[in-house]
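In this text the structure is predicted, and so the values were computed from the model without any measurement. Every chain is numbered from 1, with letters handed out A, B, ... down the list of sequences.
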There are 2 protein chains.
Amino acid sequence: MSTPPDRRTRKRLATRLGISNIATRLFLDRGFDNVTVDEIAPAADGGRMTVFNHFPRKEDMFFDRDEELRQLLRATLLQRDPGVAPIEALRLLAHRLVEEQSPYVRFSTASQGFVKTIEASETLKARARAIRDEIAQVVADALAESTGKKAVDADARLAASLLLATWTVALIHGHQTFRQKRNAGEARAAFLAVIDKGTAGLTVALAGTAYIRAATVP
Amino acid sequence: MSTPPDRRTRKRLATRLGISNIATRLFLDRGFDNVTVDEIAPAADGGRMTVFNHFPRKEDMFFDRDEELRQLLRATLLQRDPGVAPIEALRLLAHRLVEEQSPYVRFSTASQGFVKTIEASETLKARARAIRDEIAQVVADALAESTGKKAVDADARLAASLLLATWTVALIHGHQTFRQKRNAGEARAAFLAVIDKGTAGLTVALAGTAYIRAATVP
DNA sequence: ACATTTTATGTACTGAGTACATATTTGGAT
DNA sequence: ATCCAAATATGTACTCAGTACATAAAATGT
């Protein structure tokens with residue numbers, strides 16, 4: 001699925017990763033808005049246009065993993081056990097990611113740095129919201145598809161939006177708990193508590209729709 | 001509550017409104033990104049710096065009513081009948097706004113223009129999302145306050161986020177229905193259907209929390 | 001080694017937003 | 001009316017992200 005890197009693509013990806021790493025380091029250290037592209041380029045040992053070649057927007061250097069997450073959610077919904085409802089599949093995913101210490105649900109001093117950097121920049125917050133909406137769209141599509149609907153309807157959109165809202169609040173709560181208790185275990189528990197509570201709630205809330213039943217494409 | 005306009009403020013507000021009106025007209029006609037501030041200023045018979053004086057961001061000229069909506073929601077939650085649960089109060093508000101033909105829930109060819117203009121611009125979409133998040137924050141605060149909590153906790157945040165997600169999807173669905181059927185009545189019905197369905201769902205979903213009971217500050 | 005395609009990078013421009021200075025207007029005081 | 005102080009309008013000059021377009025420097029296949 002992702003193992004055909006000839007030399008060209010390897011080099012390209014290396015350049016890209018180099019820029020992204022250097023830039024992210026700078027953003028974390030000094031704040032997104034206090035780092036200019038004209039600084040990043042030489043720091044990454046390249047030209048300014050090379051940066052824009054790989055990253056059309058400055059934020060793209062910071063958010064360089066969102067496509068992965070989209071794929072993960074899509075795959076989770078579409079390739080789930082037919083006996084498991086979509087909502088439940090996502091709940092299980094949350095638990096699995098926590099167990100695997102996935103970067104998406106990590107609560108640590110390092111991740112706090114990311115959170116703080118995002119919170120400090122309107123641009124980064126905007127991009128984070130955009131990603132959230134894009135993911136909601138992906139989930140809505142996957143929900144509709146996995147329950148055999150032709151197009152995304154209001155039900156699918158609502159279910160997806162409610163799910164994403166739950167995840168977002170769960171993440172916020174996890175990070176807040178970590179900030180207060182300085183304890184990753186408690187933070188993970190707090191995150192999962194919101195996920196579980198939200199899932200339980202949504203399960204009854206959406207009982208009339210297909211997204212809590214274990215329906216699959218016929 | 002809002003009637004102390006001496007001449008100075010009156011003039012200031014007039015200038016502000018003039019700029020906002022002209023700018024919005026231009027945005028609707030030609031698209032947000034195809035209108036420059038250097039065009040708006042002379043069109044509004046003023047200097048470029050005057051525009052930035054009143055509107056720090058270009059988007060502010062387009063979204064010039066969001067504070068009203070925040071106030072409306074806050075007031076609805078805080079000044080509601082003690083016998084009515086917060087969630088129900090918001091449902092009733094939705095019905096009332098529809099009945100009053102409030103601009104916030106209007107479905108017309110004119111409002112389609114606004115929607116299309118927003119959809120066509122990444123900047124405007126970003127701002128719309130930001131406003132949504134700010135409103136969720138306001139609702140979370142009001143929920144916490146109206147149920148006598150000292151600070152916003154995960155429950156309040158979750159309830160507010162779920163509510164806002166429901167409203168957003170309801171609005172999208174209303175607009176989509178209008179676009180397809182070209183019928184304001186059907187669009188309003190579609191909007192309210194999502195609101196009612198969502199409210200019913202959230203009522204059972206959040207049954208454990210205080211936001212569906214009719215609790216008020218002691 | 002050569003031609004072709006990709007990738008890296010330079011130059012010059014546009015347009016939003018900011019810092020700072022200046023003018024103009026307004027409300028109130030004499 | 002006249003003058004003063006605060007608020008408001010506007011000009012000048014700058015920074016920085018992002019774009020259009022051109023060119024150089026690999027890399028790949030023949």
Side-chain angles (χ1 to χ4, degrees), chain A residues 4-24 26-27 30-64 117-118 120-128 130, chain B residues 4-24 26-27 30-64 117-118 120-128 130:
Chain A
D6 57 351
R7 184 153 61 139
R8 204 173 246 170
T9 12
R10 247 183 300 131
K11 280 212 166 190
R12 181 171 172 80
L13 289 181
T15 307
R16 181 191 170 91
L17 191 63
I19 295 172
S20 163
N21 284 343
I22 291 268
T24 301
L26 289 174
F27 295 154
R30 299 174 17 216
F32 182 78
D33 300 304
N34 302 319
V35 179
T36 68
V37 176
D38 294 288
E39 285 178 276
I40 296 168
D45 204 26
R48 180 184 133 92
M49 284 318 293
T50 308
V51 174
F52 280 117
N53 179 351
H54 286 270
F55 304 95
R57 306 274 123 161
K58 201 178 154 193
E59 314 91 87
D60 296 334
M61 302 180 226
F62 191 82
F63 293 107
D64 203 20
T117 303
I118 294 172
S121 159
E122 208 49 54
T123 307
L124 290 184
K125 282 195 285 185
R127 173 54 66 93
Chain B
D6 57 350
R7 185 153 60 138
R8 204 174 244 170
T9 11
R10 247 182 300 131
K11 279 212 167 191
R12 182 171 171 79
L13 289 181
T15 306
R16 182 191 169 91
L17 191 63
I19 295 172
S20 162
N21 283 343
I22 290 268
T24 302
L26 290 173
F27 294 154
R30 295 168 27 210
F32 182 79
D33 300 304
N34 301 319
V35 179
T36 69
V37 176
D38 294 285
E39 285 179 276
I40 296 168
D45 204 26
R48 182 185 131 92
M49 284 317 293
T50 307
V51 174
F52 278 117
N53 179 350
H54 286 271
F55 303 96
R57 305 275 121 153
K58 202 178 152 192
E59 314 90 87
D60 296 334
M61 303 180 226
F62 191 81
F63 292 107
D64 203 19
T117 303
I118 294 172
S121 160
E122 209 48 55
T123 308
L124 290 184
K125 281 195 285 187
R127 173 55 67 92

Name the residue from F63(B), F62(B), F27(B) that meets the ring-ring contact (aromatic ring centres under 6.0 Å, His included) definition with F32(B). F27(B)
Between D38(A) (CG) and dT15(D) (C1'), how many Å, whole number? 10 Å
Classify the nucleic acid contact of E59(A) as base, sugar-phosphate or nothing, counting any heavy atom under 4.0 Å across all strands shown. sugar-phosphate
Atom CD of E122(A) and atom C1' of dA16(C) are separated, to the nearest Å, by 16 Å
Name all pairs fulfilling the ring-ring contact (aromatic ring centres under 6.0 Å, His included) condition that reach into residues 34-56 of chain B, sequence neighbours left out, sorted by first residue then second. none
Could you give me the CA-CA distance, side-chain angles and deciding distance for R16(B) and D64(B), then say whether side chain to side chain contact (heavy atoms under 4.5 Å, CB included) is met? CA-CA 10 Å; R16(B) 182 191 169 91; D64(B) 203 19; 2.7 Å; yes
Can you tell me the distance, in whole Å, between the CD1 atom of I19(A) and the C1' atom of dT7(C)? 11 Å
Its contact letters, B for base, S for sugar-phosphate only and - for none at protein heavy atoms under 4.0 Å, make nucleotides 1-11 of chain D read -----BSSBBB
Measure CZ/F62(A) against C1'/dA17(D) and give the value in whole Å, please. 18 Å
Does some side-chain heavy atom of R127(A) sit less than 4.5 Å from a side-chain heavy atom of I118(A)? no
Taking atom P of dA16(C) as reference, at what distance in whole Å does atom CZ of R127(B) sit? 15 Å
Can you tell me the distance, in whole Å, between the CZ atom of R57(A) and the C1' atom of dT19(D)? 9 Å
Taking the side chain as everything from C-beta on, heavy atoms only, tell me whether E122(A) gets closer than 4.5 Å to D33(A). no
Write out all pairs satisfying salt bridge (charged side-chain N to carboxylate O under 4.0 Å, His left out) with one or both partners inside residues 38-57 of chain A, taking only residues at least two apart or from two chains. R30(A)-E39(A), D38(A)-R48(A)
For D33(A) and dA16(C), what is the distance between atoms CG and C1' respectively, to the nearest whole Å? 14 Å
In this structure, how many angstroms lie between the P atom of dC13(C) and the CZ atom of F52(A), rounded? 18 Å
